[in-house]
Amino acid sequence: MPELPEVETTRAGLAPHLIGRCVRAVRLHRADLRFPIAPELASVLPGLMIADVRRRAKYLLLDTAQGSVLLHLGMSGSLRVLNPAAPLKRHDHIEIDLDSGLSLRLHDPRRFGCCLWQAPQSVHPLLQKLGPEPFDLSFNADYLYRLSRGRSAAVKTFLMDQQSVVGVGNIYAAEALFAAGIDPRRAAGAVSRARYAKLCAAVRMILGDAISQGGTTLRDFLNPSGSPGYFAQRLSVYGREGKSCVTPGCRSTIAQVTLGQRASFFCPSCQR
DNA sequence: CTCTTAACCTGGACGC
DNA sequence: TGCGTCCAGGTTAAGA
């Protein structure tokens, strides 16, 4: 489910409720997520103050003086801040009670997400092989151009590889390639430097717009307050197979193919 | 190295 | 109503 805009929306929604608060208690209802929930959640976290809430790629970090809670939402995860008296829902796996009287809950039906622990002054192994953040200066046309030389994989697959750039998933890869006018099936190594410049700008624009809309809610994404995101209304190609292209004057219909096992949408006329 | 594929898991939509 | 099939916003392990 969540790509960078949804994770960033979650981070922004959590921060005012978590920063400066102390953890009173932790309740684990189900430990078998993608990885087992880190034992430190129960053994170390209670009593600690959350000093910051950060995002790296699609991961969230809750920093304390003794280490950080490292969260990934997988395909179906979401975090809510609510009254601990609110009834527990099916697939609510973790509850973290705060000294504000509110509680943080991790809900994840498919359990592709994880909740791990990062020791102080260290970088968790899962974060070590990640590419640049899309809003960093190091993510630019030269970088993508050089990295892609000799690559035969589809440019969409290359863009979704978290070692190329982080945060771009299936929805935003489709939208960014449409905005850049690049055929998602094209080999990454056959895309020019000039077109990678367009792609960089498109990724930033699409992600930025999506963040400002609170992310995309297709089925079940909710921010920590329980509200959906509104970027779904702005999607140009994702999920629009058979419908007409939104480009003024274009008379083509949106096509769908499978790339890297993922449904992929594009306009055969606007994207080359 | 790079690339492709299967697998992890649940729920909702759809066809019969 | 029920049952089978397919699909879904992510990631990794294994094999070619």
Side-chain angles (χ1 to χ4, degrees), chain A residues 1-10 29-37 55-60 70-79 89-93 106-116 124-131 146-177 184-190 203 206-207 209-211 213-223 228-242 256-265:
Chain A
M1 155 177 87
E3 303 183 38
L4 187 148
E6 292 73 40
V7 179
E8 178 58 26
T9 295
T10 299
H29 301 107
R30 176 138 202 182
D32 56 334
L33 307 188
R34 178 183 187 84
F35 308 109
I37 293 175
R55 179 190 60 73
R56 167 69 175 125
K58 298 174 191 170
Y59 292 89
L60 285 168
L70 179 62
L71 290 156
H72 194 289
L73 301 176
M75 286 279 257
S76 58
S78 59
L79 289 160
K89 290 195 300 187
R90 185 164 160 77
H91 306 304
D92 281 348
H93 305 309
L106 173 69
H107 178 84
D108 185 3
R110 294 176 75 179
R111 309 204 311 280
F112 285 174
C114 61
C115 181
L116 302 171
H124 194 281
L126 287 176
L127 305 185
Q128 285 177 9
K129 284 195 283 192
L130 295 172
R146 287 185 198 144
L147 187 63
S148 62
R149 288 315 87 180
R151 301 288 202 93
S152 62
V155 62
K156 172 167 177 272
T157 305
F158 172 73
L159 183 63
M160 288 176 65
D161 184 340
Q162 303 298 295
Q163 293 193 49
S164 303
V165 60
V166 302
V168 181
N170 205 32
I171 294 178
Y172 300 113
E175 296 299 310
L177 287 162
R185 301 169 297 181
R186 179 177 286 273
V203 165
I206 295 289
L207 294 180
D209 284 355
I211 291 168
Q213 295 297 305
T216 300
T217 297
L218 255 32
R219 277 164 277 279
D220 48 14
F221 171 71
L222 299 176
N223 70 24
Y230 296 101
F231 194 73
Q233 302 166 15
R234 309 269 252 264
L235 296 175
S236 297
V237 289
Y238 184 88
R240 297 194 65 250
E241 71 278 12
Q256 176 175 356
V257 294
T258 299
L259 296 171
Q261 307 181 104
R262 311 303 297 275
S264 307
F265 308 88

Separation of B/dC3 C1' from A/R185 CZ (nearest whole Å): 19 Å
With under 30° as parallel and over 60° as perpendicular, where do the rings of A/H91 and A/H107 fit, or are they tilted in between? perpendicular
Closer to the 5' end of DNA chain C via nearest nucleotide, is it A/R219 or A/F35? A/R219
Within this structure, what is the CZ-to-C1' distance between A/R234 and C/dG9, rounded to whole angstrom? 19 Å
Could you measure between the two P atoms, the one in C/dC7 and the one in B/dT5, and give it in whole Å? 15 Å
Under 4.0 Å between a side-chain N/O of A/K129 and OP1 or OP2 of C/dT12, yes or no? no
Quick check against the 3.5 Å criterion: does A/S76 have a side-chain atom that pairs as donor or acceptor with the backbone of A/R110? yes
For A/E175 against A/Y238, the heavy-atom pair lying closest together: OE2-N, 2.8 Å
Could you give the CD-to-C1' distance, from A/E3 to C/dG9, as a whole number of Å? 5 Å
Ion pair A/D92/A/R90, N-O distance below 4.0 Å: no
Could you state the CD1-P distance from A/I206 to C/dG9, rounded to the nearest angstrom? 17 Å
N or O in side chain of A/R151 less than 4.0 angstrom from B/dT2 OP1/OP2: yes
From OH of A/Y238 across to C1' of C/dC7 the rounded distance in Å is 10 Å
Taken to the nearest whole Å, CD/A/Q163 to P/B/dT2 is 9 Å
Closest non-hydrogen atom pair, A/D108 against A/L73: OD2-O, 4.1 Å
For A/L126, which contact category applies under a 4.0 Å heavy-atom criterion: base, sugar-phosphate, or nothing? sugar-phosphate
So if I define the base as every atom that isn't primed, P, OP1 or OP2, how would nucleotides 4-11 of chain B read as a B/S/- string at a heavy-atom cutoff under 4.0 Å? -BB-BBBS
Can you measure from OG (A/S164) to CZ (A/F158) and round to the nearest 0.5 angstrom? 4.0 Å
Could you give the CG-to-C1' distance, from A/L73 to C/dG9, as a whole number of Å? 11 Å
I need the minimum non-hydrogen distance between A/T217 and A/A232, along with the two atoms involved. O-CB, 3.9 Å
Closest approach of A/Q213 to A/F231 (non-hydrogen atoms, all atoms of both residues): CB-N, 3.8 Å
Pairing of DNA chain C as dot-bracket, 5' to 3': ( ) intra-strand, [ ] crossing, | other strand, . unpaired, with Watson-Crick or G-U pairs under 3.5 Å? .|||||||.|||||||
Short side-chain N/O contact from A/Y172 to OP1 or OP2 of C/dG9, under 4.0 Å: no
What is the distance, rounded to the nearest whole Å, between atom CG of A/L33 and atom P of C/dG10? 18 Å
Do A/D32 and A/R111 meet the salt-bridge criterion of a basic N to acidic O distance under 4.0 Å? yes
